[in-house]
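Here's the structure we're looking at; comments come further down.
Just so we're on the same page: letters track the sequence lines, and every chain starts at 1. Values reported hereafter were calculated over all heavy atoms of this structure, with side chains retained and with hydrogens, waters and symmetry mates removed.
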Protein chains: 2
Amino acid sequence: MSKLRPIDRSSFEPPYAQVARGMRERIVNGEYRAGDRLPSEAELCALYGVSRMTVRRAVTLLTQDGVVYTENGRGTFVRAPELGAATFDLASLRRLVDDAATTVKIIEARIVPPSPRVCRKLAVDDESYVVAIKRVLSSAGEPVFYHSEYLVFDPRRPLVEAEYGVTALRDLLANAGKSGFKYGRLRLDASTLTETEASYLAEEPGVSAWVIEHLFYDFENRPVSWGRFIGRSDRLDLSTTVGVPDVGNGAGG
Amino acid sequence: MSKLRPIDRSSFEPPYAQVARGMRERIVNGEYRAGDRLPSEAELCALYGVSRMTVRRAVTLLTQDGVVYTENGRGTFVRAPELGAATFDLASLRRLVDDAATTVKIIEARIVPPSPRVCRKLAVDDESYVVAIKRVLSSAGEPVFYHSEYLVFDPRRPLVEAEYGVTALRDLLANAGKSGFKYGRLRLDASTLTETEASYLAEEPGVSAWVIEHLFYDFENRPVSWGRFIGRSDRLDLSTTVGVPDVGNGAGG
DNA sequence: ATTCGATACCTGTCTAGACAGCTATGGAGA
DNA sequence: TCTCCATAGCTGTCTAGACAGGTATCGAAT
């Protein structure tokens, strides 16, 4: 068990976080390895001098981070890193849109009859109309993403100008739902630039690219917005970590 | 507040899950919308007839699912769905490898001097040797992913045959770490098939494809394995949901 | 009109104890 | 030798209460 740094009650870091950090450090140090059983919760209580709920909170934290797992009636064990357990997020896209140096240029914004594909995606008939918006996101003057979006056109609720600009896009990424969306389905895909897309992005056609397709629904579960971002593959960073790296542990939740 | 289905103490579903499900349903129904304040924890205690820790557990569940957020001193609020908050996982790759109908064919497995690129990735000098393994994953007889991997060659620990087969790959995806990995860094990329890759996958060169690059480290933080999966873009499903869809809510965690 | 402090309400954290259900072990009985 | 059961230890869950610290409000004093 080796020596143990006790809980610092005067620290700003609450006891449960200190316990979690302590356990994490021991795993990083290799004191406990994949498959090893950790001390039981009762033992950890005694070790750190905290109540069981506090220990459990620490263990729960590590469980959520994929560092350990528990088996009812058996104990808590160190989880082996798994490639298949990796998750990726759109943090880099978020950074791009949040960046003050990012600008959005409206290429097109008009009311059009929907193509068969858009009809299918938005579940509207070809007699109705949709709002087609095409944008180019630029970072430091350089075009980065091409975005096309189709909104169900509701004559009773005329779309305001603001719907087209940077704000709307920021809301989509960081605050959709105020716009009346209940939920959305997203799909990530690998593709290549068409000639049109390439021209807007100042690239060669055929260059490999990311596609982020999004479909948002309203509170009646009807699709209201379908669209896709496309941008050169190196414009979106999708990297992550499995297991317990030494630095940037991301603890303290 | 409307009528409320009370907690069923005889159910297999524990009270905290019932409370979470109840709150979730009210959000799905639109009773609470993005930005709305939910009843305070004390009110929820009275409403459901459970203790505050139980209510908090339910709220924590919803917070982790990105359904609500809390503000200290103010209350709990419904979170708006955000495109930028989406996360993607490798569930479809996992399914592929777990599938009994998936086979792995070793194309190559030998000890070679490393290329400059491999030298850099594995942090070894060009005097040392690495084990190069190239595999093709097939599902129902059809080639799906091409996998190349480079392992640091340690003469003291000769690699066993098992290291090359299906088991090794399954371990990489679902149980790495028993192999002595402490953690790994992954990167997802969009690319196109080279001529060699296309020939193994029975495809045309230039077809858009996924690349999953992985770099695993041992307990001394030295890289020990670098490799990449590549496969046609429609072979890997990266879709996800933001907000609270009606079905497949994924509650009960 | 402005500032400041008391106050009420909220979430964040911790405790000590209780019971349920699962798992492994070892001993008694067949 | 084998089977079965009691038991001990483990995680899972819940309770009732406590205190800390953040937030908004409203009234008193300036």
>> Please evaluate residues A:Trp210 and A:Asp189 with respect to the criterion side chain to side chain contact (heavy atoms under 4.5 Å, CB included), reporting the C-alpha separation (whole Å), side-chain torsions for both, the decisive distance (0.1 Å), and the verdict.
In response: CA-CA 6 Å; A:Trp210 288 113; A:Asp189 207 353; over 6 Å; no
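Cation-pi check for B:Arg33 over A:Phe219 is met; the charged atom lies under 6.0 angstrom from the ring centroid and within 45 degrees of its normal.
As rounded to whole Å, 14 Å separates atom P of C:dT11 from atom CE of B:Met53. Straight-line distance from the CZ atom of A:Arg52 to the P atom of C:dT15: 14 Å, rounded to whole Å. B:Tyr48 places its OH atom 19 Å from the P atom of D:dT13, with the value rounded to the nearest Å. Distance B:Phe12 CZ to D:dG12 P: 19 Å, rounded to the nearest Å. What separates CZ of A:Phe77 from P of C:dT23 is a distance of 11 Å, to the nearest Å. For the pair A:Arg56 CZ and C:dT15 C1', the interatomic distance rounds to 15 Å; values are reported in whole Å. For B:Tyr69 and C:dT11, the OH to C1' distance is 14 Å, given to the nearest whole Å. Residue B:Arg9 contributes atom CZ, which lies 14 Å from atom P of D:dT13 at whole-angstrom precision.
Annotation: of the two residues near DNA chain C, B:Thr70 and A:Val50, the 5′-most nearest-nucleotide partner is B:Thr70.
Dashed line: the shortest gap from a side-chain N or O of B:Ser51 to OP1 or OP2 of D:dG17 is not under 4.0 Å. For the pair B:Tyr16 and D:dT13, the criterion of a side-chain N or O lying under 4.0 Å from OP1 or OP2 is met.
Heavy atoms of A:Val59 sit nowhere under 4.0 angstrom from any nucleic acid atom.
Contact annotation: side chain of B:Arg57 to base of D:dG12, donor-acceptor pair absent below 3.5 Å.
Under the 4.0 Å criterion applied to side-chain N and carboxylate O atoms, B:Arg187 and A:Asp237 are not assigned as salt-bridge partners. By the 4.0 Å N-to-carboxylate-O rule, A:Arg94 lies too far from A:Asp98 to be salt-bridged with it. Using a cut-off of 4.0 Å between Lys/Arg side-chain N and Asp/Glu carboxylate O, B:Glu213 and B:Arg185 are scored as not salt-bridged.
A:Phe229 and A:His214 have tilted rings, their planes meeting at an angle from 30° to 60° on a 0 to 90° scale.
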>> Across nucleotides 4-10 of chain D, 5' to 3', mark each nucleotide with B, S or - according to how protein heavy atoms within less than 4.0 Å reach it.
In response: -----BB
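Counting heavy atoms from C-beta on, the side chains of A:Phe216 and B:Val242 come closer than 4.5 Å.
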